[in-house]
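Notes to accompany the following structure.
Atom set for the values below is all heavy atoms of this structure, side chains included, hydrogens, waters and symmetry mates excluded.
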Amino acid sequence: MIIGFTSVSSKFSDKPALKILFFDGTVVEKTGTVIQEGTAGILTINTNESTAKFPFTHKEVELFKYGVRKIRLSTYPIPHIKEFKKDKIGKKIYENYQICSF
């Protein structure tokens, strides 16, 4: 499964990095690929946007059911870090994964 992240205010480096802390304490670190304008049928309208995609194994996607506590994307000029007191994105990603995998 490929999960993409788009940043409107920052850019990804040539080797974007993603770090996710789940509510069960598991940490997943990924290196991704920057999606260039027009790649794979994606048309970028806002030139300030930067999108990166990260591959996940089925086992790693299963971790999303525990919920995402913290996420860090290596964007510049500053990294994007978001911490959640309760899950807002993990279970949604997991539910969409379950729908798409059948």
Side-chain angles (χ1 to χ4, degrees):
M1 176 176 186
I2 304 292
I3 299 178
F5 292 90
T6 300
S7 176
V8 177
S9 59
S10 300
K11 300 287 184 186
F12 286 101
S13 65
D14 291 340
K15 299 225 184 239
L18 167 68
K19 188 173 187 178
I20 300 174
L21 171 63
F22 295 95
F23 275 100
D24 74 339
T26 306
V27 175
V28 172
E29 295 185 54
K30 296 298 213 174
T31 301
T33 306
V34 175
I35 301 173
Q36 299 299 325
E37 183 176 341
T39 300
I42 296 173
L43 176 63
T44 303
I45 303 300
N46 183 345
T47 57
N48 292 327
E49 285 185 356
S50 183
T51 303
K53 62 181 182 176
F54 299 88
F56 283 81
T57 65
H58 295 292
K59 188 175 180 180
E60 291 169 333
V61 174
E62 291 285 326
L63 294 170
F64 282 93
K65 69 183 172 192
Y66 300 115
V68 173
R69 177 179 293 185
K70 189 174 184 178
I71 190 164
R72 182 184 193 282
L73 290 164
S74 64
T75 56
Y76 64 87
I78 59 171
H80 179 83
I81 300 171
K82 180 71 177 173
E83 196 162 349
F84 302 96
K85 291 184 181 180
K86 74 179 207 179
D87 181 51
K88 297 196 186 239
I89 61 171
K91 290 181 184 167
K92 290 178 186 177
I93 291 172
Y94 181 68
E95 289 169 2
N96 284 326
Y97 165 73
Q98 286 184 310
I99 292 168
C100 294
S101 64
F102 291 107

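Scanning both residues, Ser13 and Pro16, for their nearest heavy atoms gives O-CD, 3.5 Å.
Using a 4.5 Å heavy-atom cutoff, the side chains of Tyr76 and Lys11 are in contact. The side-chain heavy atoms of Leu18 and Phe56, taken from C-beta on, include a pair separated by under 4.5 Å. Put simply, the side chain of Ser50 does not reach to within 4.5 Å of the side chain of Ser10, judged on heavy atoms. Side chains of Ile20 and Lys70 form no contact here, defined as non-hydrogen atoms less than 4.5 Å apart. The shortest side-chain heavy-atom distance between Ile2 and Phe54 does not fall under the 4.5 Å cut-off. Looking at heavy atoms from C-beta onward, Leu21 lies out of side-chain contact with Val68 at the 4.5 angstrom threshold. Using a 4.5 Å heavy-atom cutoff, the side chains of Ile81 and Ile71 are not in contact. Counting heavy atoms from C-beta on, the side chains of Phe23 and Asp87 come closer than 4.5 Å.
For Lys30, the side-chain hydrogen bond (donor to acceptor under 3.5 Å, both in side chains) test picks out Glu60, with sequence neighbours left out. In this structure, the side-chain hydrogen bond (donor to acceptor under 3.5 Å, both in side chains) partners of Thr26, at least two apart in sequence or on a different chain, are Asp24.
Taken from CZ in Phe12 to CD1 in Ile35, the straight-line distance is 9.5 Å, to the nearest 0.5 Å. Lys88 contributes atom NZ, which lies 15.0 Å from atom CZ of Arg69 (distance to the nearest 0.5 angstrom). Atom NZ of residue Lys15 and atom OG1 of residue Thr33 lie 8.0 Å apart, to the nearest 0.5 angstrom. Here the CD atom belonging to Glu95 is positioned 7.0 Å from the CD atom belonging to Gln98, to the nearest 0.5 angstrom. Atom OH in Tyr66 sits 11.0 Å away from atom NZ in Lys91 (nearest 0.5 Å).
Side-chain contact check for Tyr97 and Glu62: no donor-acceptor pair (N or O, by modelled atom type) lies under 3.5 Å.
Taking the six-membered ring for Trp, Phe64 and Phe22 have ring centres closer than 6.0 Å.
Hydrophobic clustering places Tyr94 together with Ile89 (ILVMFWY residues linked when any side-chain heavy atoms are closer than 4.5 Å, directly or through intermediates).
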